[in-house]
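Before any comments, here is the structure.
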Amino acid sequence: MLPKQYRLKNKAAFSATYRIKNSFHKGGVTLFAGIKKKENCPTRAGFVVSKKTHKRAVKRNRLKRLMRECYRLLLKSGNTGNAGEYLSLIFVGGEGALDKNFFEMQNIIKKLLERL
RNA sequence: UAAAGCAGCCGGAUAAUCGCGCAUUGCGCUGACGGAUAUUGUUACAAUUUUGUAAAAAAUCAGGUGGCUGUCAAAAUUUGGCAGCCGGUCAACAAUGUGAGGAAAGUCCGUGCAUCCGAGGACAAAUCGCCGGAGAAACUCCGGACGGCGUGAGCCGGUGGAAUAGGACCACAGAAAUGUUAGACUGCCGAUGGACGAAAGUCACAGGCGAUGGUGCAACGGCGAGGUAAGAGCUCACCGGCGGUGUUGAGAAGCACCGGCCAGGCAACCCCCGAUAGGAUGCAAGAUUAAAUUGAAGGUUAUAAAGGCUGUCCGCCGACUUCAGAAAUAUCGCUAGAGAUUGCGGGUAACCGCAAUACCAGACAGAUGAUUAUCUAUAAACAGAACACGGCUUACGGGCUGCUUUAUUUU
RNA sequence: CGGGAUGUAGCGCAGCUUGGUAGCGCACCGUGUUCGGGUCGCGGGGGCCGCAGGUUCAAAUCCUGUCAUCCCGA
């Protein structure tokens with residue numbers, strides 16, 4: 001879990017981010033970016049793994065936790081590229097990302113953030 | 001030693017770094033703090049999904065320091081400051097504590113709990129179905145009976161009634177498939193009666209028969225002997241079924257004796273008998289707070305007052321309020337319990353009783369994670385709480401313990 | 001989280017209520033018609049009825065368990 005002020009929490013916020021349709025894809029992970037910030041506030045991030053990706057909750061939780069942890073570590077080291085300019089980010093885990101380990105995942109997230 | 005059967009247990013540990021939910025405490029508390037402000041949603045119209053057009057609302061709006069005592073100051077009964085005590089509380093930060101399972105799963109049963117509906121009774125419909133016990137209840141558990149499977153330890157079983165209350169069905173084959181005592185296809189006999197004949201006998205006419213063959217899952221008990229014209233429970237022995245009596249048992253049922261044999265299957269088809277229970281919907285149940293906002297809904301103001309439509313009256317707009325609609329959010333429901341652990345006692349057991357101990361997840365885009373090192377055995381199986389509990393079923397790498405059975409070998 | 005439905009030939013569906021023979025359309029194969037192809041005509045193949053047990057003489061159908069897919073409720 002990220003600290004609360006960095007979390008994307010509202011349903012309206014999620015659908016608003018999806019509507020921008022600004023997306024990048026790599027290694028089974030899709031990144032949606034929201035609008036750019038107007039004022040100074042933290043970038044919020046959400047992590048989504050659909051039930052269609054895998055049937056079992058344990059596998060889905062694992063993927064979500066990996067993505068979250070990688071993003072957290074990058075956020076902590078200040079290595080998030082241009083992500084700070086956006087109000088919201090959503091990471092969607094797909095089928096291709098299920099078998100990735102921590103280091104592969106870290107690479108994927110890093111590359112995605114660089115492309116923003 | 002090997003292969004089995006049953007019962008039970010474990011479901012990685014330790015350390016380091018980074019990180020999260022919840023609880024408590026600390027710090028803080030009136031321009032402290034903090035949540036939502038992403039064009040979603042609402043209303044109207046249009047068309048087929050889904051969208052388009054228009055309208056109003058939007059920079060504003062939930063939550064948020066109270067009480068008592070003492071003291072000081074202003075002032076003359078209150079106000080303000082400070083301190084203490086008691087309570088309340090948002091986020092960040094800090095500290096401490098705590099944080100998934102044996103199946104949390106499937107949702108197959110049952111119960112609590114909540115809302116709505118229902119006078120009472122009967123019928124119908126529903127569910128269950130060997131016996132006794134346990135349990136809040138259950139497609140639950142325990143002990144037993146019977147039947148089946150296995151060399152055995154053991155395992156499996158929706159197991160009431162088809163001799164009487166009734167209906168349906170039993171394809172094809174077959175003569176016939178359940179009928180007021182079934183039926184003559186292949187057949188057997190023709191004793192008795194009849195015809196012919198001297199008689200033996202012949203005819204197969206009146207009739208008798210349910211044995212033989214064949215069909216079928218199944219042919220109206222089986223098998224053997226007697227018996228007979230041929231046959232038949234017609235008679236007898238044994239076996240099976242059914243009924244009665246006696247006896248053992250709490251009962252299911254077992255055992256013994258007697259009886260007459262017109263007795264098919266199917267009740268996981270209808271049905272009959274017995275038993276049970278108000279029904280429906282599920283925590284997204286439901287309760288509370290509340291702003292913007294909508295309504296040609298109701299009431300009050302109103303025999304009063306202010307403003308507008310017209311100078312006056314009526315009426316309308318208006319004001320207040322109730323009700324209804326109303327998205328997200330917030331608070332509660334929400335975890336102290338048919339509970340857990342340990343011990344003692346009762347019971348064959350399921351389980352019950354008593355005592356002691358501690359409080360042990362409660363989220364809401366949803367916590368319990370990531371990396372590294374060491375250890376055992378390469379840490380690797382199935383798998384993630386969402387109102388709670390009791391069961392059932394299914395998935396599962398590896399390991400451990402106890403009891404029992406069979407086989408082989410040795411003593 | 002709760003509620004409901006469906007699995008039958010390569011594809012889309014009947015049959016299940018009332019148990020005995022699995023059928024229809026398209027596709028596929030062969031053949032006829034045509035100079036050739038299409039169309040059309042005739043003939044044919046292909047199914048352990050999702051899986052596993054049970055009841056029954058007999059199960060796609062009845063009963064139980066299980067797996068998969070889809071739909072609905074904010």
Side-chain angles (χ1 to χ4, degrees):
Chain A
M1 282 291 283
L2 296 163
K4 247 183 190 168
Q5 66 263 36
Y6 298 111
R7 272 185 243 161
L8 195 58
K9 299 186 77 166
N10 196 278
K11 184 177 176 177
F14 267 85
S15 44
T17 306
Y18 283 131
R19 201 172 297 105
I20 303 293
K21 291 177 179 168
N22 184 15
S23 69
F24 308 91
H25 185 86
K26 183 168 179 62
V29 180
T30 309
L31 169 63
F32 286 87
I35 57 168
K36 300 217 173 185
K37 285 182 197 171
K38 295 180 209 157
E39 49 195 292
N40 193 19
C41 60
T43 302
R44 296 168 191 277
F47 300 87
V48 176
V49 181
S50 143
K51 207 165 191 177
K52 279 184 184 165
T53 306
H54 199 274
K55 222 181 60 178
R56 301 293 172 197
V58 171
K59 298 266 169 66
R60 280 183 271 126
N61 277 348
R62 163 83 187 162
L63 183 53
K64 256 162 92 175
R65 282 165 180 163
L66 264 181
M67 292 196 295
R68 195 186 288 139
E69 181 70 10
C70 292
Y71 179 73
R72 184 183 70 79
L73 290 175
L74 290 172
L75 190 69
K76 199 188 160 205
S77 60
N79 207 359
T80 52
N82 298 325
E85 294 176 14
Y86 292 90
L87 191 58
S88 62
L89 301 170
I90 300 176
F91 295 88
V92 180
E95 232 170 302
L98 276 174
D99 305 325
K100 299 280 189 290
N101 65 20
F102 175 74
F103 295 103
E104 289 170 332
M105 182 56 67
Q106 199 162 30
N107 250 328
I108 290 165
I109 301 285
K110 208 168 173 181
K111 290 249 167 74
L112 276 174
L113 289 174
E114 278 169 7
R115 286 167 65 179
L116 272 175

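Below, chain A is the first sequence line, B the second, and so on; all start at residue 1.
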(message) Between B:C354 and B:A385, how many Å separate the two P atoms, rounded to a whole number?
(response) 37 Å
(message) Which is it for B:G150, anti or syn, if anything within 90° of zero counts as syn?
(response) anti
(request) Could you let me know what B:A284 is paired to, Watson-Crick or G-U wobble, both distances under 3.5 Å, or none if it's on its own? (result) none
(message) To the nearest 0.5 Å, what is the distance between CE on A:M105 and CG on A:N101?
(response) 9.0 Å
(message) As a test of the definition: with a 90° window around 0 for syn, would you call B:A100 syn or anti?
(response) syn
(request) Under the side chain to side chain donor-acceptor pair (under 3.5 Å) rule, collect the residues that match up with A:Q106, sequence neighbours excluded. (result) none
(request) Can you measure from CZ (A:F91) to CG (A:L66) and round to the nearest 0.5 angstrom? (result) 13.0 Å
(request) Output all residues satisfying side-chain contact (heavy atoms from CB on, under 4.5 Å) with A:R65, sequence neighbours left out; order by chain, then residue number. (result) A:N61, A:R68
(message) Return the pairing partner of B:U107 with a 3.5 Å limit on both distances, Watson-Crick or G-U wobble; otherwise return none.
(response) none
(request) Could you check how far CZ of A:R72 sits from P of B:U371, rounded to whole Å? (result) 12 Å
(request) Check RNA chain C for consecutive Watson-Crick or G-U pairs with both distances under 3.5 Å and list the runs of at least three as stems. (result) C:1-7 with C:67-73, C:10-13 with C:23-26, C:28-32 with C:40-44, C:50-54 with C:62-66
(request) Check whether any side-chain heavy atom of A:F102 sits under 4.5 Å from a side-chain heavy atom of A:L73, and report yes or no. (result) yes
(request) Please report, rounded to the nearest Å, how far the P atom of B:A380 is from the CZ atom of A:R62. (result) 10 Å
(request) Please state the C1' separation for the pair B:C364 and B:A386 - nearest whole angstrom. (result) 9 Å
(message) Any strand counts, and the cut-off is 3.5 Å on both contacts for Watson-Crick or G-U wobble. Which nucleotide pairs with B:C403?
(response) B:G5
(message) What I'd like to find out is whether the side chain of A:R60 reaches to under 4.5 Å of the side chain of A:L63, using heavy atoms alone.
(response) no
(message) Need the pair for B:A350. Rule: Watson-Crick or G-U wobble, both distances under 3.5 Å, any strand; none if unpaired.
(response) none
(message) My understanding is that a pair needs two contacts under 3.5 Å, Watson-Crick or G-U wobble. By that rule, which nucleotide pairs with B:C29?
(response) B:G88
(request) Please tell me if the side chains of A:M67 and A:I108 come closer than 4.5 Å, counting only heavy atoms from C-beta onward. (result) no
(request) Answer syn or anti for B:G102, where the cut-off is 90° from 0 on the glycosidic torsion. (result) syn
(message) Only pairs with both distances under 3.5 Å count, Watson-Crick or wobble alike; so what is the partner of B:C375 in this structure?
(response) B:G12
(message) Could you tell me the Watson-Crick or G-U partner of B:G132, where both distances fall under 3.5 Å? Say none if there is no partner.
(response) B:C142
(message) Quick check for you: among B:U371, B:G366, B:A383, whose closest atom lies nearest to any side-chain atom of A:F103?
(response) B:U371
(message) If you compare every side-chain N and O of A:R65 against the phosphate oxygens of B:U368 (OP1, OP2), does one of them come in below 4.0 Å?
(response) yes
(request) Under a 3.5 Å limit for both distances, which nucleotide forms a Watson-Crick or G-U wobble pair with B:C18, could you say? (result) B:G369
